[in-house]
Protein chains: 2
Amino acid sequence: MTSTPADAPGRLNPVDGLAQLSFVIQGLLERQAAAHDLTMAQVRLLGVLRDRTPTMFELSRLLGLDKSSATGLVDRAERRGLVQRAPSATDRRSVQVSLTLEGRALVSAAAARFGADATDLLGLLPPGDRESLSGLISRLLAAHAASQGIELLGTTEG
Amino acid sequence: MTSTPADAPGRLNPVDGLAQLSFVIQGLLERQAAAHDLTMAQVRLLGVLRDRTPTMFELSRLLGLDKSSATGLVDRAERRGLVQRAPSATDRRSVQVSLTLEGRALVSAAAARFGADATDLLGLLPPGDRESLSGLISRLLAAHAASQGIELLGTTEG
DNA sequence: TATTGTTATACTCTATAACTATA
DNA sequence: TATAGTTATAGAGTATAACAATA
């Protein structure tokens with residue numbers, strides 16, 4: 001399901017193409033994560049917190065994890081000084097999680113370097129093809145989001 | 001780096017599009033893996049063994065893991081009856097790893113179901129777009145393979 | 001009673017270092 | 001000496017179940 005046995009070299013079947021592309025992209029992401037001493041789980045955590053300050057419960061839903069898994073993830077990130085916990089103003093059971101300045105800087109740096117890698121990859125195609133591909137991917141993602149619910153932006157990775 | 005804050009809904013920037021698409025595809029893979037009680041690591045193991053009978057050392061290289069990690073991975077798969085170890089005929093230090101019939105059946109079933117999911121996803125696009133997308137992805141992967149070494153087929157996922 | 005979050009526990013996955021047995 | 005593989009150990013990541021504090 002991820003290998004490509006005896007296919008024609010220049011013409012992958014569509015399903016294998018999708019699978020292989022996803023592994024290439026994930027490889028780029030993991031490379032930059034590792035370069036910043038981050039695991040993919042931590043990258044997802046920091047990525048979600050870039051434009052949110054959720055409670056632990058909301059966070060676990062955003063990441064698709066159990067509450068207890070989120071506790072451990074946040075514990076380790078907090079120990080590294082990347083995120084912080086603060087009591088909720090409205091519910092004394094709740095905790096609000098947010099990025100520290102250091103966490104924000106780290107995720108921005110990693111995102112920038114991933115962006116450069118991805119841009120290099122796309123640069124392997126001639127400009128016309130590149131634009132076609134981007135447009136088609138946008139349309140596919142939009143159709144997929146629509147077919148699900150309306151879980152459009154921001155949490156496709158969870 | 002994985003979130004999509006205030007972009008135009010219908011027009012993701014190309015880099016975010018690639019990242020989000022990779023998460024969607026990985027999500028499909030993980031869903032079918034879980035449906036067969038497999039982790040992604042086990043799926044990669046079984047996938048690599050579909051058309052190979054490597055030694056433990058070769059296997060660790062194919063998967064990009066340390067030898068000891070491969071030992072654990074194969075131990076657990078063997079305990080489940082999915083793979084088997086056999087002594088090498090030529091080097092008494094070596095071990096040859098292969099799929100059992102049960103392992104082969106399992107990876108085939110998972111691959112088939114992932115293929116159906118991926119086909120459904122592509123089916124969200126009109127036929128013309130679908131073919132264009134597949135062609136562009138093929139070209140991108142070919143260019144990427146060429147830009148690396150000649151690590152064409154079979155191990156893009158490692 | 002229901003919900004939020006943590007703790008206790010267990011398993012998978014991964015790596016490093018040390019070891020055994022071959023070569 | 002060098003290589004193939006395993007074992008010992010440690011840490012990240014995940015889940016389930018039980019619990020405390022609050023609602």
Side-chain angles (χ1 to χ4, degrees), chain A residues 2 26-27 29-31 33-48 53-98 157-158, chain B residues 2 26-27 29-31 33-48 53-98 157-158:
Chain A
T2 55
Q26 292 285 314
L29 277 164
E30 277 171 37
R31 180 145 63 93
H36 295 270
D37 256 303
L38 294 170
T39 61
M40 284 300 285
Q42 297 285 329
V43 166
R44 293 214 305 144
L45 168 63
L46 301 186
V48 159
T53 302
T55 65
M56 289 300 297
F57 180 74
E58 289 164 349
L59 183 60
S60 67
R61 298 303 233 69
L62 286 165
L63 294 173
L65 299 173
D66 187 83
K67 297 177 300 172
S68 61
S69 303
T71 293
L73 204 54
V74 169
D75 281 352
R76 291 182 292 273
E78 196 173 27
R79 219 179 295 139
R80 270 188 66 180
L82 304 178
V83 308
Q84 58 202 59
R85 276 185 252 233
S88 161
T90 57
D91 186 334
R92 281 184 359 221
R93 295 171 301 179
S94 279
V95 172
Q96 227 96 34
V97 186
S98 59
E157 74 277 22
Chain B
T2 56
Q26 292 286 313
L29 278 163
E30 277 171 38
R31 179 144 64 94
H36 295 269
D37 256 303
L38 294 171
T39 62
M40 283 300 287
Q42 298 285 329
V43 167
R44 292 214 305 143
L45 169 63
L46 301 186
V48 159
T53 302
T55 65
M56 288 300 294
F57 179 74
E58 290 164 348
L59 183 59
S60 67
R61 299 301 235 70
L62 287 165
L63 295 173
L65 299 174
D66 187 85
K67 297 178 301 174
S68 63
S69 303
T71 294
L73 204 54
V74 170
D75 281 351
R76 290 183 292 271
E78 195 172 27
R79 218 179 294 141
R80 270 188 67 179
L82 304 178
V83 308
Q84 59 201 79
R85 277 185 251 233
S88 160
T90 57
D91 186 335
R92 282 183 359 221
R93 296 171 301 179
S94 277
V95 173
Q96 228 95 34
V97 186
S98 59
E157 75 279 20

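Convention: sequence-line order gives letters A, B, ...; per-chain numbering from 1.
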To the nearest Å, how far apart are [X] [atom1] and [N] [atom2]?
| X | N | atom1 | atom2 | result |
| --- | --- | --- | --- | --- |
| Leu38(B) | dT14(D) | CG | P | 18 Å |
| Leu65(A) | dG5(C) | CG | C1' | 15 Å |
| Arg44(A) | dA12(D) | CZ | C1' | 14 Å |
| Glu78(B) | dT12(C) | CD | C1' | 17 Å |
| Arg61(B) | dA15(C) | CZ | C1' | 16 Å |
| Arg92(A) | dT6(C) | CZ | C1' | 18 Å |
| Leu73(A) | dA15(D) | CG | C1' | 14 Å |
| Leu45(B) | dT12(C) | CG | P | 14 Å |

Side-chain donor-acceptor distances from residues 63-70 of chain B under 3.5 Å, at least two apart:
{"residue": "Asp66(B)", "atom": "OD2", "partner": "Ser68(B)", "partner atom": "N", "Å": "2.9"}
{"residue": "Asp66(B)", "atom": "OD2", "partner": "Ser68(B)", "partner atom": "OG", "Å": "2.8"}

Results of side chain to side chain contact (heavy atoms under 4.5 Å, CB included) for Val74(A) - residues two or more places apart only: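 Per chain and number, Val74(A) pairs via side chain to side chain contact (heavy atoms under 4.5 Å, CB included) with Leu45(A), Met56(A), Leu59(A), Val83(A), Arg85(A), Val97(A).
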Arg93(A): partners by side chain to side chain contact (heavy atoms under 4.5 Å, CB included), with sequence neighbours left out: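 Partners of Arg93(A) under the side chain to side chain contact (heavy atoms under 4.5 Å, CB included) test: Asp91(A).
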side-chain hydrogen bond (donor to acceptor under 3.5 Å, both in side chains) partners for Gln26(A), two or more places apart: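 For Gln26(A) the side-chain hydrogen bond (donor to acceptor under 3.5 Å, both in side chains) partners, ignoring immediate neighbours, are Ser22(B).
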Any residue meeting side-chain hydrogen bond (donor to acceptor under 3.5 Å, both in side chains) with Ser88(B), in chain and number order, not counting sequence neighbours: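 For Ser88(B), the residues satisfying side-chain hydrogen bond (donor to acceptor under 3.5 Å, both in side chains) (neighbours in sequence not counted) are Thr90(B).
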Sidechain-backbone polar pair: Glu58(A) side chain, Thr55(A) backbone, donor-acceptor under 3.5 Å: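 Looks like yes, one N/O pair under 3.5 Å.
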Sequence-aligned protein contact record of nucleotides 1-11 of chain D, with B where the base is within under 4.0 Å of a protein heavy atom and S where only the sugar-phosphate is: --BSBBB----
